[in-house]
Asks: 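Below are the structure tokens for one structure; questions will follow.
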Amino acid sequence: VYQRSNMATAAPHSEPPNKKPKMMETQSCEHRRHLLFHCPQRADRCTVQVRPMTRKYETVSLLPAEKLLRQLLLECRNSMTRDSSSSKLEMWFTGGWVRDKLLGIQSSDIDATLSSMTGMQFGTALDDFLQEHGGKYREEAEKIGVPYNFRGVHKTARNPEKSKHLETAIIHIFGLDVDLVNLRKETYAQDSRNPQVEFGTAEEDAYRRDATVNALYYNLDKQQVDDFTKMGLQDMAAGIIRTPLEPYQTFVDDPLRVL
């Protein structure tokens with residue numbers, strides 16, 4: 001999670017700055033109190049340095065538990081009967097986990113996004129897969145020193161009042177909390193912040209998000225970061241928070257995004 005005011009803001013589609021945002025003049029709190037008492041007219045101009053939180057790494061490096069999770073998800077997919085939903089199934093780790101990894105912040109909360117299956121569909125298949133192959137993954141987890149701790153798949157219901165517009169599946173495994181969810185497109189009516197949700201493309205899923213730095217996708221097959229807005233990586237490098245769409249559209253669709 002970002003610290004408030006750690007990153008500058010910019011309107012979407014504007015040219016990114018060519019260099020890091022200029023640091024404001026540094027003033028200590030003690031000096032500011034001195035100015036407030038002795039020279040209030042100068043205190044109004046007193047500023048505090050704010051250093052943008054910027055990208056630390058160029059790509060994502062997985063920890064052992066994350067590597068094992070990637071292996072599990074791909075092997076589960078590859079074991080499925082090749083029907084229309086699983087034959088071209090792509091998977092990504094998405095959102096805040098990718099952002100935090102690039103910032104050098106570790107996170108155990110992962111959103112795993114699916115191209116052509118719902119979270120519950122894949123979660124059910126994963127549960128069946130681990131019924132047969134769980135022993136193998138328990139041993140692998142013990143070798144790398146992480147807990148297996150799989151207790152089945154749990155469903156979370158839609159909760160529009162908290163901006164949760166889609167039913168998802170949750171698993172706890174290898175010390176990680178994983179949400180399974182499909183790519184989606186959201187369409188809002190003018191008089192409601194509860195959208196109509198349907199399957200979408202990766203680009204549609206990216207542009208519905210609140211900020212470009214939260215719209216980054218780690219492709220499990222290619223082991224690379226996909227930036228479908230073409231702005232997320234450069235905004236993170238520059239310390240900018242930018243909405244993928246026009247800010248008015250993003251915040252009118254769901255006013256809670258302002259918070």
Side-chain angles (χ1 to χ4, degrees), residues 60-98 101 106-160 162 164-186 197-202 204-206 208 216-226:
V60 167
S61 296
L62 300 183
L63 296 176
E66 295 162 344
K67 290 180 180 179
L68 191 56
L69 174 63
R70 171 183 173 270
Q71 175 186 332
L72 168 62
L73 297 182
L74 291 178
E75 289 189 355
C76 176
R77 178 199 64 184
N78 295 340
S79 72
M80 292 180 188
T81 301
R82 293 300 182 175
D83 58 22
S84 59
S85 61
S86 63
S87 60
K88 296 182 180 180
L89 179 63
E90 294 183 273
M91 293 185 287
W92 298 266
F93 294 156
T94 60
W97 178 87
V98 184
K101 293 289 281 190
Q106 293 305 321
S107 173
S108 61
D109 189 0
I110 300 178
D111 288 347
T113 302
L114 315 164
S115 66
S116 56
M117 297 182 71
T118 69
M120 277 307 302
Q121 285 174 331
F122 187 82
T124 301
L126 183 64
D127 199 6
D128 293 340
F129 180 79
L130 285 174
Q131 292 291 330
E132 182 177 353
H133 302 283
K136 166 189 171 181
Y137 283 95
R138 186 183 298 275
E139 292 177 3
E140 291 291 333
E142 290 176 355
K143 287 179 183 178
I144 62 176
V146 299
Y148 176 70
N149 73 319
F150 179 71
R151 297 292 184 271
V153 179
H154 307 280
K155 180 173 70 174
T156 59
R158 293 173 67 252
N159 190 345
K162 293 187 177 180
K164 192 171 185 62
H165 304 301
L166 193 69
E167 176 183 277
T168 63
I170 295 178
I171 62 170
H172 305 284
I173 194 165
F174 311 139
L176 303 169
D177 299 320
V178 185
D179 273 28
L180 301 168
V181 64
N182 59 275
L183 293 174
R184 59 196 187 271
K185 174 184 178 181
E186 296 177 348
V197 180
E198 56 189 279
F199 272 95
T201 65
E204 288 169 334
D205 193 81
R208 70 171 181 79
L216 298 171
Y217 297 66
Y218 178 77
N219 188 300
L220 298 194
D221 285 297
K222 300 176 183 177
Q223 300 188 70
Q224 68 182 31
V225 175
D226 293 329

Asks: For residues E75 and Y137, is any side-chain donor paired with an opposing acceptor at under 3.5 Å?
Replies: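 E75 vs Y137: donor-acceptor pair found between side chains.
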
Asks: Nearest 0.5 Å, please: how far is CD in E140 from NZ in K143?
Replies: 4.5 Å

Asks: Do you know which two heavy atoms are closest between A65 and I144, and how far apart they sit?
Replies: N-CD1, 4.0 Å

Asks: Roughly how far apart are S79 OG and H133 NE2, rounded to 0.5 Å?
Replies: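 Reported value, rounded in 0.5 Å steps: 6.0 Å.
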
Asks: For residues L74 and D221, determine if any side-chain heavy atom of one lies less than 4.5 Å from a side-chain heavy atom of the other.
Replies: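 They are in contact (side-chain heavy atoms under 4.5 Å apart), so the answer is yes.
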
Asks: Ignoring hydrogens and angles, tell me if any N or O in the side chain of R70 forms a donor-acceptor pair with the backbone of L220 under 3.5 Å.
Replies: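 Checked: pair present.
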
Asks: Please examine the side chains of F122 and M91, heavy atoms only from C-beta on, and report whether any two atoms are closer than 4.5 Å.
Replies: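 The answer is yes, as the side chains (C-beta and beyond) meet within the 4.5 Å cut-off.
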
Asks: Heavy atoms, side chains only, cut-off 4.5 Å: are Y218 and L62 in contact?
Replies: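 Sidechains of L62 and Y218: in contact.
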
Asks: Which heavy atom of S116 sits nearest a heavy atom of F199, and at what distance?
Replies: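 Answer, listing the atom of S116 first, then F199: C-CE2, 3.9 Å.
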
Asks: Identify the heavy atoms of V153 and G123 that sit nearest to each other, and give their distance.
Replies: CG2-O, 3.2 Å

Asks: Consider side-chain contact (heavy atoms from CB on, under 4.5 Å). Of L63, V146, I110, L68, which one does L176 pass it with?
Replies: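 Single side-chain contact (heavy atoms from CB on, under 4.5 Å) partner of L176 among L63, V146, I110, L68: I110.
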
Asks: Can you tell me how far SG of C76 sits from CG of D128, rounded to the nearest 0.5 angstrom?
Replies: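 Answer rounded to 0.5 Å: 8.5 Å.
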
Asks: On a heavy-atom basis, which atom in D127 and which in F150 lie closest, and how many Å separate them?
Replies: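 That would be OD1-CE2, 3.6 Å.
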
Asks: Work out which heavy atom in G175 is nearest to a heavy atom in S108; give both atom names and the distance.
Replies: O-CB, 3.9 Å

Asks: Can you measure from OG1 (T201) to NZ (K185) and round to the nearest 0.5 angstrom?
Replies: 8.5 Å

Asks: Report the distance from atom CG of L114 to atom CD of Q121, rounding to the nearest 0.5 Å.
Replies: 9.0 Å

Asks: Using every non-hydrogen atom in the two residues, find where G119 and A169 come nearest and quote the distance to one decimal.
Replies: O-CB, 3.4 Å

Asks: Are T168 and D111 packed together at the side-chain level, in the sense that at least one heavy-atom pair is separated by less than 4.5 angstrom?
Replies: no

Asks: Please tell me if the side chains of Y217 and L183 come closer than 4.5 Å, counting only heavy atoms from C-beta onward.
Replies: yes

Asks: Could you tell me whether a side-chain N or O of D109 sits under 3.5 Å from a main-chain N or O of V178, the two making a donor and an acceptor?
Replies: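 Pair absent, no side-chain N/O of D109 close to backbone of V178.
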
Asks: For the pair K101 (side chain) and S61 (backbone), establish whether a donor and an acceptor sit closer than 3.5 Å, ignoring hydrogens and angles.
Replies: yes

Asks: Output the distance between atom NE2 (H154) and atom CD1 (I171), rounded to the nearest 0.5 Å.
Replies: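 Nearest 0.5 Å value for the NE2-CD1 distance: 9.5 Å.
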
Asks: Could you tell me whether the side chain of E66 reaches within less than 4.5 Å of the side chain of W97, counting heavy atoms only?
Replies: yes

Asks: I would like to know whether I170 and H172 meet side-chain contact (heavy atoms from CB on, under 4.5 Å); could you show each step before the answer?
Replies: CA-CA 7 Å; I170 295 178; H172 305 284; 3.9 Å; yes

Asks: Could you tell me if the side chain of F174 sits less than 4.5 Å from the side chain of P64, heavy atoms only?
Replies: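 The answer is no; the side chains never approach within 4.5 Å.
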
Asks: Side chains of I173 and Y148: closer than 4.5 Å at any heavy-atom pair?
Replies: yes

Asks: Any chance you could lay out the side-chain contact (heavy atoms from CB on, under 4.5 Å) test for L126 and L72, step after step, and finish with the verdict?
Replies: CA-CA 9 Å; L126 183 64; L72 168 62; 3.8 Å; yes

